[in-house]
Amino acid sequence: MSAAQETQHPGWLQGQVALITGGGSGLGLALVERFLREGCRVGVLERAPDKVAALNARFGADVVAVQGDVRSHQDNARAVAATLERFDRLDTFIGNAAIWDHASCLMDLSPEQLDQGFDELFPINVKGYLLGAKAAAAALVESEGSMIFTLSNSSFYPGGGGPLYTASKHAAVGLIRQLAYELAPKVRVNGVGPCGMASDLRGPAALGQEGKRIMDSRSPEAIAGILPLQFFPEPADFTGPYVMLASRANNRVLSGVMINADAGLGIRGIRHVAGGLHL
């Protein structure tokens, strides 16, 4: 699509407002960019002050970025309040902020690391989603909107992380199902599970991984090599399912659904070597 055609496209989310956690980099930033192109205005809850400043400077009046931590209900509530104050409505909440454990195995972790790693990772990956949902729920009931949570291939099968990360992403599946049940018929609640991509996703400080990005332990070639579609996805490649789930025109009937956006990985699992021709 040309720049002129993209400008003319009215957008599936025209006039809507979304709030995205962890929107300062990686998939979160790609979602901000895509939702804006689809005609949406966007609130962001982001922990890093420099990323908050960059978002507000780059996007101007169409984005309101708030500095805060998803582990705090007060910070989630401030982000909702700032979004409502700026845009006067909220149609979609996207729980996206997370950390990864760099596939740290049970046998390689000391009891202390396991204990402290759990207490650091689960409050971000699970409690952060729950607190964000709580903060946004009333506004979404009013707008009859939607919640979308970022899952992972680790939400469905092992090998995409260690036990800490995999357990947290399986917990998020249960959270989606429960909230879809509780918030029906007013709010649709769904998830999108991407595979590996280049992002700023980091690990727990308790495991000494706070400065370690996902691409510090995985190469593009290694990720592409295990995917049946045999390419290395960019964060923007995953944004389409979120747009579809948030769009009232495209989604009236999906709730409690998890879209496994893993470039075909689920058909064979991570360790199996595919047969057949490699073109």
Side-chain angles (χ1 to χ4, degrees), residues 21-22 24-28 45-48 51 68-76 94-135 149-179 191-219 222-223 225-227 235 258 260-262 265-266 268-272:
T21 68
S25 61
L27 177 59
L45 178 59
E46 168 60 52
R47 184 167 60 175
K51 294 178 182 179
D69 193 316
V70 296
R71 294 172 288 188
S72 161
H73 179 263
Q74 182 179 9
D75 287 355
N76 280 283
I94 299 179
N96 173 71
I99 57 175
W100 189 48
D101 63 3
H102 288 270
S104 298
C105 297
L106 180 72
M107 296 300 290
D108 295 332
L109 295 172
S110 69
E112 293 76 19
Q113 286 178 312
L114 195 61
D115 182 22
Q116 295 168 16
F118 182 97
D119 289 345
E120 184 177 351
L121 189 145
F122 265 71
I124 297 172
N125 290 14
V126 182
K127 188 170 78 169
Y129 283 3
L130 184 61
L131 294 179
K134 176 63 177 176
F149 296 95
T150 296
L151 299 172
S152 164
N153 54 265
S154 295
S155 299
F156 309 105
Y157 35 81
L164 293 174
Y165 183 75
T166 301
S168 77
K169 288 301 181 180
H170 275 66
V173 170
L175 179 61
I176 288 169
R177 288 175 171 149
Q178 180 66 25
L179 294 183
V192 178
C195 58
M197 72 187 90
S199 76
D200 198 37
L201 187 65
R202 305 191 185 199
L207 305 186
Q209 298 174 353
E210 65 273 26
K212 189 176 182 181
R213 297 174 175 85
I214 186 170
M215 299 314 296
D216 293 329
S217 58
R218 297 288 186 274
S219 70
I223 292 174
I226 65 171
L227 300 176
M258 276 67 72
N260 196 358
D262 63 2
L265 185 59
R268 74 175 194 217
I270 287 177
R271 293 189 178 180
H272 178 69

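The analysis underlying the following values was restricted to heavy atoms, covering all of them including side chains, and did not include hydrogens, waters or symmetry mates.
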I99 vs N125, side-chain contact (heavy atoms from CB on, under 4.5 Å): CA-CA, chis, key distance, verdict:
CA-CA 7 Å; I99 57 175; N125 290 14; 3.9 Å; yes

From CA spacing to verdict: side-chain contact (heavy atoms from CB on, under 4.5 Å), L109, D101:
CA-CA 11 Å; L109 295 172; D101 63 3; over 6 Å; no

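Of the possible donor and acceptor atoms, none in the side chain of K169 sits under 3.5 Å from a partner among the backbone N and O of F156. Counting only distance, with no hydrogens or angles, the side chain of E46 and the backbone of G24 share a donor-acceptor pair below 3.5 Å. Between the side chain of T21 and the main chain of A97, a donor-acceptor pair closer than 3.5 Å is present. Side-chain atoms of N76 come within 3.5 Å of backbone atoms of V70 as a donor-acceptor pair (strictly under, hydrogens ignored).
Note that CG of L151 is 10.5 Å distant from NE2 of H170, once rounded to the nearest 0.5 Å. Atom CG in N96 sits 5.0 Å away from atom CG in L27 (nearest 0.5 Å).
For the residue pair S104 and P163, the shortest heavy atom distance occurs at O-CD, 3.2 Å. Scanning both residues, S25 and K51, for their nearest heavy atoms gives OG-NZ, 3.0 Å. A133 approaches L179 most closely through the heavy-atom pair CB-CD1, 3.8 Å. When all heavy atoms of H73 and L131 are compared, the pair lying nearest together is N-CD1, 3.7 Å. Across V192 and A261, no two heavy atoms sit closer than the pair CG1-CB, 4.1 Å. Nearest heavy-atom pair, V126 versus S168, reported as atom, atom and distance to 0.1 Å: CG2-O, 3.6 Å.
With sequence neighbours left out, the side chain to side chain contact (heavy atoms under 4.5 Å, CB included) criterion links Q74 to S72. Residues satisfying the ring-ring contact (aromatic ring centres under 6.0 Å, His included) criterion with F118, sequence neighbours excluded, are F122.
Counting heavy atoms from C-beta outward, S152 and Y165 have side chains that approach closer than 4.5 Å. Taking the side chain as every heavy atom from C-beta outward, L164 and L114 approach each other to under 4.5 Å.
The aromatic rings of F149 and Y129 sit tilted relative to each other, their planes meeting at an angle between 30° and 60°.
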